[in-house]
**Student:** 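Pasting a structure here, questions to come.
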Amino acid sequence: MKPAPGAIKEMEILGESFYSRPAAEVAPDLLGKFLVHGPAAGQIVETEAYLGLDDLAAHACRGVTPRTRVLFGRPGRAYVYLVYGMYECLNLVAEPEGTPGCVLIRALEPISGIDEMRRRRPGAKSLEDLAAGPGKLTLAMGITRRHNGRDLTKGALTVRQWESGESFEIEITPRIGIRLCRELPLRFCVAGNRFVSRRSLAERART
DNA sequence: CAATAGATCATCT
DNA sequence: GATGATCTATTGC
């Protein structure tokens, strides 16, 4: 049962306390929530947790730099950065202020503003392909580095929850596209969901 | 279907 | 100067 498009702006916005917990707890809890940017909205179906100094795959592992400053700041902010010189990734800052940690949003099921998303991603062949991957999702939702540091508890860019959502099983796997700390079970997806990003077979075999 | 190459640049060494 | 929390197109089987 999906929400009517008009129902989305009535949904409760997740507040700072939701994010002010360990990233490995926030990440699975974000599944099923709605990422909203103006008229565009999608249901989160895949996330990954990135931790602090002990997580060599996390940007925060080397401490505070100009880029990683927001990871050490207040929870509930956006951390947006450029990967591979081409694509941007959206993370939500977790953990209390002073402790680094974030959740990478990897895939969305498009819910509203779909025409707009299609316009931003003309290459997408299907609805399933519109936002099934971290780079695709930021393009489809119109999220850029302009949003880095933005407060997600208010304004045009928010995450919301819906009481009437169906329950679902959570699948836990290693994270994707990283070299270090590959074995840590910090990737969470809605089991069986068609909108989860695709992994190459090579990567699948590696685990 | 699977593997690989190329695009492209901010960030840190 | 090397290295990516990626995606797409193209090649090869």
Side-chain angles (χ1 to χ4, degrees), chain A residues 19 22-24 26-28 30-31 35 42 44-73 75 77-95 100-108 110 117-150 152 159 171-189 194-207:
Chain A
Y19 301 98
V26 176
L30 279 166
L31 298 177
L35 180 66
I44 298 170
V45 298
E46 179 180 355
T47 61
E48 284 180 359
Y50 285 86
L51 284 23
L53 303 177
D54 297 330
D55 180 2
L56 281 316
H59 288 170
C61 75
R62 295 188 192 281
V64 181
T65 68
R67 180 174 65 158
T68 62
R69 198 182 60 237
V70 303
L71 291 174
F72 291 78
R77 306 300 178 99
Y79 169 55
V80 186
Y81 70 95
L82 188 69
V83 250
Y84 299 117
M86 296 207 98
Y87 299 100
E88 287 159 301
C89 289
L90 169 68
N91 300 254
L92 313 184
V93 176
E95 313 272 352
C102 65
V103 177
L104 171 68
I105 309 300
R106 286 195 58 90
L108 297 176
M117 294 191 197
R118 283 219 148 92
R119 221 169 299 132
R120 296 191 187 111
R121 286 209 69 236
K125 303 266 188 299
S126 65
L127 189 62
E128 285 84 355
D129 194 41
L130 250 191
K136 297 176 183 176
L137 158 175
T138 50
L139 279 173
M141 293 291 290
I143 293 167
T144 69
R145 280 165 287 166
R146 279 200 341 268
H147 297 93
N148 189 45
R150 179 101 36 124
L152 294 165
V159 182
E171 187 179 349
I172 305 176
T173 75
R175 294 173 292 184
I176 291 183
I178 57 172
R179 194 181 49 178
L180 302 166
C181 297
R182 266 193 189 135
E183 72 289 354
L184 297 181
L186 291 175
R187 173 174 176 259
F188 307 88
C189 10
R194 313 199 311 286
F195 297 85
V196 165
S197 73
R198 293 182 187 276
R199 313 170 66 183
S200 70
L201 274 190
E203 192 144 29
R204 211 179 284 247
R206 212 179 279 147
T207 70

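Just so we're on the same page: letters track the sequence lines, and every chain starts at 1.
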**Student:** Which distance, rounded to the nearest 0.5 Å, do you find between the CZ of R62(A) and the CG of L53(A)?
**Tutor:** 11.5 Å
**Student:** Take atom CD of E88(A) and atom P of dT8(B), then tell me their distance rounded to the nearest Å.
**Tutor:** 15 Å
**Student:** If you pin A57(A) and K136(A) to their nearest nucleotides in DNA chain C, which one's is more 5'?
**Tutor:** A57(A)
**Student:** Roughly, in whole Å, what's the span from CZ in R175(A) to P in dA5(C)?
**Tutor:** 10 Å
**Student:** Whom does dA5(C) pair with, Watson-Crick or G-U wobble, provided both distances fall under 3.5 Å?
**Tutor:** none
**Student:** Checking T65(A) side chain against T68(A) main chain: does a donor-acceptor pair fall under 3.5 Å?
**Tutor:** yes
**Student:** When we call it a touch if two heavy atoms are under 4.0 Å apart, what does G85(A) touch: a base, just sugar-phosphate, or nothing?
**Tutor:** base
**Student:** If I take atom CZ in residue R182(A) and atom C1' in nucleotide dG4(C), what distance separates them, rounded to the nearest angstrom?
**Tutor:** 13 Å
**Student:** If every non-hydrogen atom of P174(A) is compared with every non-hydrogen atom of R182(A), which pair is closest and at what distance?
**Tutor:** CB-O, 3.0 Å
**Student:** Main chain of R194(A), side chain of E128(A): is a donor-acceptor contact present, judged purely on distance under 3.5 Å?
**Tutor:** no
**Student:** When the distance from NE2 of H59(A) to P of dT3(C) is rounded to whole Å, what number comes out?
**Tutor:** 15 Å
**Student:** Once you round to the nearest 0.5 Å, how far does OH of Y81(A) lie from CZ of R67(A)?
**Tutor:** 7.5 Å
**Student:** How many Å lie between CG on L104(A) and P on dG4(C), as a whole number?
**Tutor:** 16 Å
**Student:** Protein-nucleotides 10-13 of chain B N/O pairs closer than 3.5 Å?
**Tutor:**
| unit_1 | atom_1 | unit_2 | atom_2 | d |
| --- | --- | --- | --- | --- |
| dC12(B) | OP1 | T65(A) | OG1 | 2.2 |

**Student:** Starting at CD1 of I178(A), measure out to CG of L184(A) and round the result to the nearest 0.5 Å.
**Tutor:** 7.0 Å
**Student:** Round to a whole Å and report the spacing from OH of Y87(A) to C1' of dA5(C).
**Tutor:** 15 Å
**Student:** Return the pairing partner of dT13(B) with a 3.5 Å limit on both distances, Watson-Crick or G-U wobble; otherwise return none.
**Tutor:** none
**Student:** Just by modelled atom types, is the V196(A) backbone N or O under 3.5 Å from a matching donor or acceptor in the R106(A) side chain?
**Tutor:** no
**Student:** Return the value, rounded to whole Å, for the distance between atom CD1 of I105(A) and atom C1' of dT6(C).
**Tutor:** 16 Å
**Student:** For dT8(B), give the paired nucleotide (Watson-Crick: N1-N3 plus N6-O4 or O6-N4; G-U: N1-O2 and O6-N3; both under 3.5 Å), or none.
**Tutor:** none
**Student:** E48(A) CD to dT6(C) C1': how many Å, rounded?
**Tutor:** 12 Å
**Student:** Output yes when at least one side-chain N/O atom of R187(A) is less than 4.0 Å from OP1 or OP2 of dA5(C), else no.
**Tutor:** no
**Student:** Return no unless some side-chain N or O of Y84(A) is found under 4.0 Å from OP1 or OP2 of dT6(C).
**Tutor:** yes
